[in-house]
Amino acid sequence: MTQLTLYCHCFKQNLNHHTQATQKNLMCGAHLLDASYKNQLTSKGFYFDDTHNNISHLNQWLGDLTGLYWIWKNTDDEFVGTNQYRRFYDDNVLSTIVMDPNTLYISAPVGFGSMSAYDQMVMHHTEAGFNVLKVASLSNRVSIKPHMVDDIKKITYLSPCNMFFAHRDLFNKLCQILFEIMFELYEGSKYALPWVQPNGQTRMLAFLAERMLNMIYLNKDYFLGNTQIQSVNWNLR
């Protein structure tokens, strides 16, 4: 297949469990690492999300999106995407893909039975992120509209983990859409509700991002008419 570069999102306590395609390991939240540990990782070829154009300082709230932002702003691989330290695309499936510049490749959906993607987040994380999104969407501060949130309250599956890959142009387009929303919600949390939740859910926006990506996938108005979306099986290591 045409060479695909995957950046594997890693964390201090969770390094990569597997390597695939032309994989590069990217340490998220790198601004918190001490110099000696960074030197060890540098010798192993790691990249860091606190170099060049970065938002590493927001990792506490945005999770691996700080890594995604770094890839968007600081790399130029023609076909590019992400996997995670313990979540990887199925190697057999990946080896058969003929990369198409007009196709967005996303993680295969996970089903929740009779539970909606909205209910699943509320049960396992918090409703706070959706509350911020609701205020922002009703006031037209973001491109996500209330009816798109309603769709997430209906579907019983989710393409998870903020994992996707595409041609650089399409990858950049999706990142632009996502981060325009995310930055508004990060600021908007100050007008929508107290930022730091009593239950410790400072990463509510990181969890919300997975749902917002699915809202974007479901609404092709975000993309050119010839853009296709293809799901790719993945494995948990």
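Side-chain contact check for Asn25 and His9: no donor-acceptor pair (N or O, by modelled atom type) lies under 3.5 Å. Donor-acceptor pairing under 3.5 Å is recorded for the side chains of Ser36 and Asp34. Side-chain contact check for Arg87 and Ser107: no donor-acceptor pair (N or O, by modelled atom type) lies under 3.5 Å. With no hydrogens or angles considered, no side-chain donor-acceptor pair links Thr227 and Tyr222 at under 3.5 Å. Side chain to side chain, Gln228 and Asn102 fail the donor-acceptor criterion of an N or O pair below 3.5 Å. Between Trp70 and Thr51, the side chains place a donor N or O and an acceptor N or O closer than 3.5 Å (distance only, hydrogens not considered).
With ring centers used as reference points, Phe171 lies under 6.0 Å from Phe164. Less than 6.0 angstrom separates the ring centroid of Trp72 from the ring centroid of Phe179. In summary, the aromatic rings of Phe130 and Tyr118 are positioned with their centroids under 6.0 Å apart.
With respect to Asp49 and Lys12, no salt bridge is recorded, no charged nitrogen being found less than 4.0 Å from a carboxylate O. At a threshold of 4.0 Å, the pair Lys145-Asp150 does not count as salt-bridged, since none of the basic side-chain nitrogens sits closer than that to a carboxylate oxygen. Of the charged side-chain nitrogens involved, at least one lies within less than 4.0 Å of a carboxylate oxygen, so that Lys24 and Asp77 count as a salt-bridged pair.
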>> Test salt bridge (Lys or Arg N to Asp or Glu O under 4.0 Å) on Asp50 and Lys38; report intermediate values, then the result.
In response: CA-CA 11 Å; Asp50 65 341; Lys38 276 189 174 181; 2.4 Å; yes
>> Checking Asn162 against Glu210 for the side chain to side chain donor-acceptor pair (under 3.5 Å) test, could you report, in this order, the C-alpha distance in whole Å, the side-chain angles of both residues, the deciding distance, and whether it holds?
In response: CA-CA 6 Å; Asn162 300 323; Glu210 293 180 86; 5.4 Å; no
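For the pair Lys173 and Phe223, the NZ or CZ position fails the cation-pi test of under 6.0 Å to the six-membered ring centre and within 45 degrees of the ring normal.
The distance from atom CG of Leu104 to atom NE2 of His167, rounded to the nearest 0.5 Å, is 13.0 Å. Taking CD from Gln120 and CZ from Phe112, the interatomic distance works out to 4.0 Å, rounded to the nearest 0.5 Å.
Side-chain contact between Phe48 and Cys28 is absent, with no heavy atoms from C-beta onward closer than 4.5 Å.
Within a 6.0 Å sphere centred on CZ of Phe183, heavy atoms belonging to other residues, nucleotides or ligands number more than 12.
For Asp90 (side chain) and Val93 (main-chain N/O), a donor-acceptor pair under 3.5 Å exists by modelled atom type.
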